[in-house]
Amino acid sequence: MKRTHGCGDLRIEHDGQTAVLAGWVNTFRDQGKGLVFIDLRDRSGISQIVFDLEDCDDETVETARSLRREDVVAVRGLVRPREGKANEKLATGSIEIMGQAVEVLNRTDNPPILPDDHEAEKISEEVRLTYRYIDLRRPRMQEIMRIRHDLARITREYFDQQGFLEIETPLLIKSTPEGARDFIVPSRIYPGQWYALPQSPQIFKQILMVSGCDRYLQICKCLRDEDPRADRQAEFTQIDLELSFVDRDEVLDIMEGFMREVFNRILKEDLGDIPKMPWSEAMDRYGSDRPDLRFDLELQDISEIAGRTDFRVFTEALAKEDGVVKAIRVPGAADSFSRKITDGYAEIAKMHGAGGLPTVKYTANGFETGIAKFLGDIGDDLVSALGLEHGDAVLFAADTRELANTSLGAVRLQVARDQDLIPAGVYRALWVVDFPMFKWDEDNKRWASEHHPFTAPRADQLEILESDPGGCLSDGYDFVVNGSEAGGGSIRIHNPEVQKKVFSLLNLSDEEAKMKFGFLLDALRFGAPPHGGIAFGLDRLVMLLAGTDNIRDVIAFPKTQNGGDLMSQAPGPVDDAQLEELQLEVVEQPDT
RNA sequence: GGGGCGGUAGCUCAAUUGGUUAGAGUCCUGGACUGUCGAUCCAGUGGUUGCGGGUUCGAGUCCCGUCCGCCUCGCCA
């Protein structure tokens, strides 16, 4: 029997046609000796097959009666309107296939789980990942894989039209000192020497610019040996891009066009206005370098007003270098903010380094609870500064600017979730620009790259690169959607002298830099064009497009939090002979 | 590496203060049923309570260790 249609393809206009479907038995309903219903499922959907003694022979009905969930069968039959009621839950619900012949292509063992979207929400992820081949049969997983495919296809179409070439870069490369922990691979030919798997193709794509490639695209795997999270895997996929002879705004224009195309074609959503927001503004207003613009709850600086109280939490914070007092007005939250809830927010604030989270409610009786008694003289000014109305609550952060921003920013996110302020089906994008070049690494007492060591300082910042590294702004940019960093990149350094200065600020000696990045420094000396680029996190984009907060949902064969694959049981041991060939020996870890 | 939650039948869960033979639904097996669609009804099979130790007359339950899964802090240029 040769398949003629997909299980989700048949409609009332196919009435009278003979069709052959093949797929998995989704459910069966055995009505007795003479009548059996089979819901047959494939990638395209589900069709109801009915076997009736009046329409086919005993043997066919008996075979049909023997079918169980997830058996694989082919069925030939006549398409006709349903004799019983139509099933509005199915796209094919107005028709059924009057089964004439059935061929069992493969029986299944009793399946440990069923590919049912409703069940899947209850089944532990551990079991789903162990039997991933069954889990992936679910309509929802098939839909996500389709979205992922569409994104990859649109990516190639769009950037092809923009003159980009898809070029592969190596997987076995040299380990680089900066950044995440490398996965390493032993060299057989040079025992004791190692390759690293790429954390990103960064250096290679820059060298492709030096090579005159002009515009590069790659959908590539990146590997970082760090602990995973709900939105992070050690092995993930980037849409990696680099362009020559461009400035920042030309890059942003092209990339913005890409994002609009993706959201238009996959979600039928118009991204609307996409503002460019300096990093310092994002931190000050939202307490995050990836602000979620779907709701307000902006951080407001009330340092001037707060400085007029005797409240020690405020005055001591303001006495610090770059100390501030900031506040969030939470409209109408006075009633719902129980002690338990605000204590929870205080925990979040503390987790992000704040000492606590002063809170107050503003009602018809004025300020109540929390730090109300300390606000006596400044109450009226606070009301007008924050635009308070009766029934509002106010959350404060008093600390250095950085700590106040980040702790209050984290609280802002949780408050928005709790107060149900995040609208569904809304996508708000922005560019965050003008990042600092460096952040101070307190542990190692040195400057570290905010983005990566190849990010160019903004042209107007070159003169303070060495005199004031902490204040120097870069030509970097992040694309942020709904509070999620979907992509990030920069204009790169194309001048070897500037690159050397940056390495030296990062405390990389000339010798080290030469050993680790010598080939890049060399390339920059032989006619490097101005260039810049970006990388989008493909997995995170699919998460956004599919509306899931679990990255494992958008990866066909993901790894667990311990980096294991429950289906294939990776990682695992290797033969002694393999180790011998590599001149490797496994040494027992001494007890500690 | 730290913190939190969890692991009992193939799957989802229950099991009182530590106390009789560890139960239910579902799946599966057998039977009934000619318009079902989460089919229904009847009967039955199914257990290393993650693993290893300990306390106890007695441990799913308490203690110690360990493995696994999820969330999270550190980490993720």
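Residue numbering restarts at 1 for every chain, and letters A, B, ... go by the order of the sequence lines.
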Counting any heavy atom closer than 4.0 Å, what does A:Arg65 reach on the DNA or RNA strands: base, sugar-phosphate only, or nothing? base
Check: A:Ser66/A:Arg107 side-chain N/O donor and acceptor closer than 3.5 Å: yes
Measure from CD1 on A:Ile123 to P on B:rG6 and round the result to the nearest Å. 21 Å
Hey, what's the ring geometry for A:Phe454 with A:His452, parallel, tilted or perpendicular (30° and 60° as the breaks)? tilted
Can you see whether A:Gln17 engages A:Arg80 through a side-chain donor-acceptor pair at a distance of less than 3.5 angstrom? no
Taken in chain and number order and not counting sequence neighbours, the residues that satisfy side chain to side chain contact (heavy atoms under 4.5 Å, CB included) with A:Ser504 are none
A:Glu96 near the nucleic acid: base, sugar-phosphate alone, or nothing, with a heavy-atom cut-off under 4.0 Å? base
Check whether the side chain of A:Asn87 and the base of B:rC37 form a donor-acceptor pair under 3.5 Å. yes
Measure all distances between protein nitrogen or oxygen atoms and nitrogen or oxygen atoms of nucleotides 66-74 of chain B, and list the pairs falling under 3.5 Å.
{"residue": "B:rC68", "atom": "O2'", "partner": "A:Glu126", "partner atom": "OE2", "Å": "2.9"}
{"residue": "B:rG69", "atom": "OP1", "partner": "A:Thr560", "partner atom": "OG1", "Å": "2.7"}
{"residue": "B:rG69", "atom": "OP2", "partner": "A:Asn562", "partner atom": "ND2", "Å": "2.4"}
{"residue": "B:rG69", "atom": "O4'", "partner": "A:Glu126", "partner atom": "OE1", "Å": "3.3"}
{"residue": "B:rC70", "atom": "OP1", "partner": "A:Gln561", "partner atom": "N", "Å": "3.4"}
{"residue": "B:rC70", "atom": "OP2", "partner": "A:Gln561", "partner atom": "N", "Å": "2.8"}
{"residue": "B:rC70", "atom": "O3'", "partner": "A:Arg552", "partner atom": "NH2", "Å": "3.0"}
{"residue": "B:rC71", "atom": "OP1", "partner": "A:Arg552", "partner atom": "NH2", "Å": "2.9"}
{"residue": "B:rC71", "atom": "OP2", "partner": "A:Gln561", "partner atom": "NE2", "Å": "2.5"}
{"residue": "B:rU72", "atom": "OP2", "partner": "A:Ala230", "partner atom": "N", "Å": "3.3"}
{"residue": "B:rU72", "atom": "O4", "partner": "A:Gln561", "partner atom": "OE1", "Å": "2.8"}
{"residue": "B:rC73", "atom": "OP2", "partner": "A:Arg229", "partner atom": "NE", "Å": "3.4"}
{"residue": "B:rC73", "atom": "N4", "partner": "A:Arg229", "partner atom": "NH2", "Å": "3.3"}
{"residue": "B:rG74", "atom": "N7", "partner": "A:Arg229", "partner atom": "NH2", "Å": "2.8"}
{"residue": "B:rG74", "atom": "O6", "partner": "A:Arg229", "partner atom": "NH1", "Å": "3.0"}
{"residue": "B:rG74", "atom": "O6", "partner": "A:Arg229", "partner atom": "NH2", "Å": "3.0"}
{"residue": "B:rG74", "atom": "N1", "partner": "A:Asp227", "partner atom": "OD2", "Å": "3.0"}

Rounding to an integer number of angstrom, what distance separates B:rG60 and B:rG52 when you compare their P atoms? 13 Å
Does the cation-pi check pass for A:Arg69 over A:Phe28, that is, NZ or CZ under 6.0 Å from the six-membered ring centre and within 45° of its axis? no
Rounding to an integer number of angstrom, what distance separates B:rC62 and B:rU17 when you compare their P atoms? 11 Å
Does B:rU26 have its OP1 or OP2 closer than 4.0 Å to a side-chain nitrogen or oxygen of A:Lys122? no
Counting any heavy atom closer than 4.0 Å, what does A:Pro453 reach on the DNA or RNA strands: base, sugar-phosphate only, or nothing? base
When the C1' atoms of B:rG50 and B:rG3 are compared, how many Å lie between them, rounded to an integer? 22 Å
Can you tell me the pairing partner of B:rA24 across any strand shown, Watson-Crick or G-U wobble, with both distances under 3.5 angstrom? B:rU12
Roughly how many Å apart are B:rU12 and B:rG2, using the C1' atom of each and rounding to a whole number? 32 Å
Applying salt bridge (charged side-chain N to carboxylate O under 4.0 Å, His left out) to A:Arg132 and A:Asp135, what does each step give before you reach the verdict? CA-CA 5 Å; A:Arg132 190 59 158 175; A:Asp135 192 46; 2.8 Å; yes
Pair partner, B:rU55 [Watson-Crick or wobble, under 3.5 Å]: none
When the C1' atoms of B:rU26 and B:rA39 are considered, how many whole Å apart are they? 15 Å
Please name the nucleotide paired to B:rG69 by Watson-Crick or G-U wobble geometry with both distances under 3.5 Å, or report none. B:rC5
Which part of the nucleic acid does A:Asp225 contact within heavy-atom distance under 4.0 Å: base, sugar-phosphate only, or nothing? nothing
Measuring to OP1 and OP2 of B:rU36, would you say a side-chain N or O of A:Arg29 lies under 4.0 angstrom away? no
Using a heavy-atom cut-off of under 4.0 Å over every strand shown, decide if A:Lys85 touches base, sugar-phosphate, or nothing. base
A:Thr27 has its side chain closest, among B:rA39, B:rC33, B:rC11, to B:rA39
Does a donor on one side chain sit under 3.5 Å from an acceptor on the other, for A:Tyr286 and A:Asn405? no
Donor-acceptor pair under 3.5 Å: do we get one between A:Gln48's side chain and the base of B:rU36? yes
Expressed in angstrom and rounded to an integer, what is the separation of A:Lys33 atom NZ from B:rG31 atom P? 8 Å
Return the nearest nucleotide to the side chain of A:Arg68; candidates are B:rC37, B:rG30, B:rC33. B:rG30
By nearest nucleotide on RNA chain B, pick out whichever of A:Pro112 and A:Ala86 is the more 5' one. A:Pro112
Could you state the CD1-C1' distance from A:Ile113 to B:rC28, rounded to the nearest angstrom? 16 Å
Sticking with atom P, work out how far B:rC5 lies from B:rG10, rounded to a whole angstrom. 27 Å
Round to the nearest Å and state the distance from A:Leu114 atom CG to B:rC27 atom P. 9 Å
Ion pair A:Arg140/A:Glu143, N-O distance below 4.0 Å: yes
Both A:Ser124 and A:Asn110 contact RNA chain B. Which one's nearest nucleotide lies toward the 5' end? A:Ser124
Value in whole Å for how far the C1' atom of B:rG35 lies from CD1 of A:Ile38: 14 Å
Run the numbers on A:Asp117 and A:Arg138 for salt bridge (charged side-chain N to carboxylate O under 4.0 Å, His left out), then give the verdict. CA-CA 6 Å; A:Asp117 285 331; A:Arg138 284 161 49 208; 3.0 Å; yes
Nearest-angstrom distance, P atom, B:rU61 to B:rA22: 15 Å
Roughly how many Å is it from CE in A:Met98 to C1' in B:rG35, rounded to a whole number? 14 Å
Just call it for A:Arg80: base, sugar-phosphate, or nothing, with non-hydrogen atoms closer than 4.0 Å on any strand. base
From CG of A:Asp117 across to C1' of B:rG38 the rounded distance in Å is 13 Å
Would you measure the distance from the P atom in B:rC68 across to the matching atom in B:rG74 and give it in whole Å? 24 Å
Among the nucleotides B:rU36, B:rC37, B:rC33, whichever has the atom closest to the side chain of A:Asp39 is B:rC37
A:Glu485: what forms a salt bridge (Lys or Arg N to Asp or Glu O under 4.0 Å) with it, not counting sequence neighbours? none
Using Watson-Crick geometry (N1-N3 plus N6-O4 or O6-N4) or G-U wobble (N1-O2, O6-N3), each under 3.5 Å, B:rA43 is paired with B:rU29
Please report, rounded to the nearest Å, how far the C1' atom of B:rC33 is from the CG atom of A:Asp52. 14 Å
